[in-house]
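Accompanying notes for the structure given below.
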There are 2 protein chains.
Amino acid sequence: MNPALKSILLYIHPLPESILEEIDLYFQEQTFPKNHLLLKEGRPCQYLWFMEKGAARYFHTTEEGKEANVWFSFDRDILASAPSFANQSPTHESIQLMEDSTLFAISFHDFHRLLQKHHTFALWYIKLIEKFYITQIEDRIGDLQFLSAKQRYEKLLLLFPDISNRVSLGHIASYLNITQETLSRIRAGKM
Amino acid sequence: MNPALKSILLYIHPLPESILEEIDLYFQEQTFPKNHLLLKEGRPCQYLWFMEKGAARYFHTTEEGKEANVWFSFDRDILASAPSFANQSPTHESIQLMEDSTLFAISFHDFHRLLQKHHTFALWYIKLIEKFYITQIEDRIGDLQFLSAKQRYEKLLLLFPDISNRVSLGHIASYLNITQETLSRIRAGKM
DNA sequence: TGTAGTTTTTGATGTACATCAAAAGTATTT
DNA sequence: AAATACTTTTGATGTACATCAAAAACTACA
C-alpha cells in the first residue's frame, strides 16, 4: 500500500492490517492538472478523495452566475462534498483544483460495501466524520457569525500560514465572504 | 419501549427488534421545566437527547458576555453538541430549554458501548449524523454566507412556520445574526 | 523585450445593517 | 386595577463593508 495513503488512513483512526490490504484494492491513485474540476454542481459526488499533495477549493455558483468559495483543502486532507456523497444526491458545491494535485480516490459503491462488511471500517468512518467534518464545520459557522472580516482573515492565516503564496487574493476573499478590494485593504493595514 | 422514542429511532434508519430492546435499557425519559440549562459551556456533552416534545436553543457566550443563538431544536429532534459529544471535550455551546420539555437521554458511555458492540448500531449512527447533521449544517453555512437578513428570516419561517409563537423575537433575531430592532423592522415590512 | 492578460491596489460613493435612546405594548405579580 | 418587569417597536445616527471605476503591478508568452 502506498505509504502516504496508509499514513492518512491511520492518522484518522487505527485499522487492522487485513482491512488496510483490502481497502488498498479499492483506492486508485490519480493525478490532475491545475484547474481540473473534480466535482461539478448538479452531479452526485461519487468519490471520496484523499489529497496526497495539492490544493483545492469548494465553491457555489450564485444565481447571478458568480462563484463563491466555501472551503479549501490542501495536502493530506480529505475531499468530498459530504452531503452529496452521503446521499448520492446532486451536489450544490463544485470542487476545483488550484494546483497540480495527486489524489487517492475510492468510489461510493466500494466505500459503502466496506462499511457494510466491516464493523471496524464503520467505526473508522465515524472517526473520520467526527475529526474532519464536525469539528471543522462548527468552527466555520462560528467564524462567519462572530468574527469581523479582518479577524476571519487573521484566523485563516493562523490555520494556513502559507496560503497567500498558494491561493490568489480573489479566492481567499471569496472564502472569507468579502470582496477582493476589502481583503486588499485589510492586507494593506487600512482596515 | 416508549412508542415516541421508537418512532424517532426508526425514522433515522431501521434497527432490528433485538437491538431496540437493548437500546431501551439505556434510555432514560426526563422532563425539565422551561429555562432549564441542559448543557453548560465548558462542560463535556455527556448525553445525547431525543426531544419528544419541547423547544431548545443552542447558544454561545461572547467575550462581552452576550449570548448568541446558533441553533434551535423542537419536537422529535435530536439534541447534543456534536463536537463535544464526539470528543467528550468541553463544549463551546450551551443548550437551554425554551419550553417545558420531555426528552429521552442516553449517556456517552452507553452510546459508545452500543457502537462497539453492534455493527448495525454503528451504521445507524452514521445515518443519524448524515441525516440530522451534515445536511442541515451545510445549509446553515450557505444561508449565513449568501442570504440577506430578510431572506434568512423568510427561510426560517418556511422551515418552522409556528416559530413566532414559540420563540421570542430576541431569540430569533440572535439566531439570524441580526439585532432585535432589525428583525422588528423586517416583520413590519420596513426592510 | 514588448504586449496582452490577469491580479491587486486605490479612490469615491452607496447601503444593509448596527447602535443608541426612548416610547409603546404585553405579561406577571401584588 | 396598579405596579413592575419584560418584549417589541420606532426614530436618529453611525459604520463595516459593498459597488463601481480606473490605475498600477505583476505574469506569460510571442
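We name chains A, B, ... by the order of the sequence lines, and we start the count at 1 in each one.
- Here the side chain of B/Arg166 pairs a donor or acceptor atom with the backbone of B/Gly54 at under 3.5 angstrom.
- Partner A/Tyr58 forms a side chain to side chain contact (heavy atoms under 4.5 Å, CB included) with one of A/Leu79, A/Leu38, A/Leu39 and no other, that one being A/Leu79.
- D/dA18 atom C1' lies 16 Å from atom CD of B/Gln145, rounded to whole Å.
- A cation-pi arrangement, defined by a distance under 6.0 Å to the six-membered ring centre and an angle within 45 degrees of its axis, is present between A/Arg140 and A/Tyr175.
- Taking the six-membered ring wherever Trp is involved, the centroid distance between the rings of A/Phe111 and A/Phe121 falls below 6.0 Å.
- For A/His118 and A/Glu22, the side-chain atoms include at least one donor-acceptor pair closer than 3.5 Å.
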Between protein and nucleotides 5-16 of chain D, map the contacts as a letter string: B base, S sugar-phosphate only, - none, heavy atoms under 4.0 Å, written 5' to 3'.
---BBBBB----
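- Between the C1' atom of D/dT19 and the CD1 atom of A/Ile178 lies a distance of 14 Å, rounded to the nearest Å.
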